[in-house]
Amino acid sequence: VLDQQLAKRKYIACDEYTIADMAIWPWYGQLVLGRLYEAAEFLEASSYKNVMRWAQEIDARPATKRGRMVNKFWGDDGQLGERHTRKDFEGKL
C-alpha cells in the first residue's frame, strides 16, 4: 500500500515533506534501509522501489543526518553526546 501511495506522490501525504514523513520514516524508513534487525530482507524491501526512493531521499536530508546523531542511543559510531548549537555538528557529518 505504501509503495502504491508513493508512486503517486513524492512523500507520504503529498508532494511536500510533512509531519507524516517525520513520523513514519524513523521506524519504517530505517527498517527498509536495513538498520533495524533483518526485516528488510524478510520483507524484500528492495522490491518496493517507491518506498526505497522515499527512504533514501529522507535519509539524505541534512536534518535527518543530524537527528540520527542526536537520537542514537546505541553503538559508539556517530553519537553526538552534547548538542547546544549547530556548531556542535561541524566536522561530524
Side-chain angles (χ1 to χ4, degrees):
V1 174
L2 185 57
D3 198 60
Q4 293 172 0
Q5 174 75 3
L6 290 166
K8 297 181 269 180
R9 295 175 179 84
K10 184 172 180 175
Y11 296 106
I12 299 291
C14 58
D15 286 326
E16 294 182 31
Y17 183 68
T18 68
I19 191 70
D21 303 287
M22 293 175 213
I24 295 169
W25 187 88
W27 61 273
Y28 199 73
Q30 298 233 63
L31 184 143
V32 300
L33 293 174
R35 296 186 183 136
L36 301 175
Y37 45 95
E38 309 302 320
E41 182 180 344
F42 175 76
L43 295 172
E44 298 178 359
S46 61
S47 68
Y48 299 100
K49 65 178 183 169
N50 299 306
V51 172
M52 293 302 296
R53 173 201 44 82
W54 167 80
Q56 291 165 347
E57 285 182 15
I58 293 176
D59 191 51
R61 294 172 64 92
T64 301
K65 292 177 183 179
R66 290 191 304 270
R68 288 188 62 229
M69 288 174 66
V70 171
N71 296 319
K72 185 175 180 181
F73 56 89
W74 67 92
D76 295 328
D77 60 319
Q79 175 65 44
L80 184 63
E82 293 287 329
R83 176 183 61 95
H84 303 286
T85 69
R86 185 176 276 262
K87 286 187 174 189
D88 293 333
F89 292 98
E90 289 179 4
K92 301 197 190 293
L93 291 176

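Throughout, residue positions are numbered sequentially from 1 according to the sequence presented.
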Can you sort out the partners of R9 under side-chain contact (heavy atoms from CB on, under 4.5 Å), two or more places apart, ordered by chain and number? Q5, D15
Would L33 and M52 count as a side chain to side chain contact (heavy atoms under 4.5 Å, CB included) if you check the C-alpha gap in whole Å, the side-chain angles of each, and the deciding distance to 0.1 Å? CA-CA 7 Å; L33 293 174; M52 293 302 296; 4.2 Å; yes
Kindly compute the distance separating CZ (R61) from CG (D59), expressed to the nearest 0.5 Å. 11.5 Å
Is the closest side-chain heavy-atom distance between L2 and N50 below 4.5 Å? no
ring-ring contact (aromatic ring centres under 6.0 Å, His included) partners for Y28, two or more places apart: none
side-chain contact (heavy atoms from CB on, under 4.5 Å) with A40: which residues, sequence neighbours excluded? A45
Counting C-beta onward and ignoring hydrogens, is there a side-chain heavy-atom pair between Y17 and I58 closer than 4.5 Å? yes
Minimum heavy-atom distance between I12 and L6, given as atom pair plus value: N-CD2, 3.8 Å
For Y11 and W54 the tightest heavy-atom approach is CD2-CD1, 4.0 Å
Listed once per pair and sorted, the salt bridge (Lys or Arg N to Asp or Glu O under 4.0 Å) pairs that draw on residues 44-53, sequence neighbours left out: R53-E57
Return the set of residues passing side-chain contact (heavy atoms from CB on, under 4.5 Å) with Y37 (not counting sequence neighbours), or none when no residue passes. L31, A39
Excluding sequence neighbours, so at least two apart, what forms side-chain contact (heavy atoms from CB on, under 4.5 Å) with T18? A13, C14, A20, D21
Taking ring-ring contact (aromatic ring centres under 6.0 Å, His included) as the definition, give me every residue that meets it alongside Y48, ordered by chain and number, with sequence neighbours left out. none
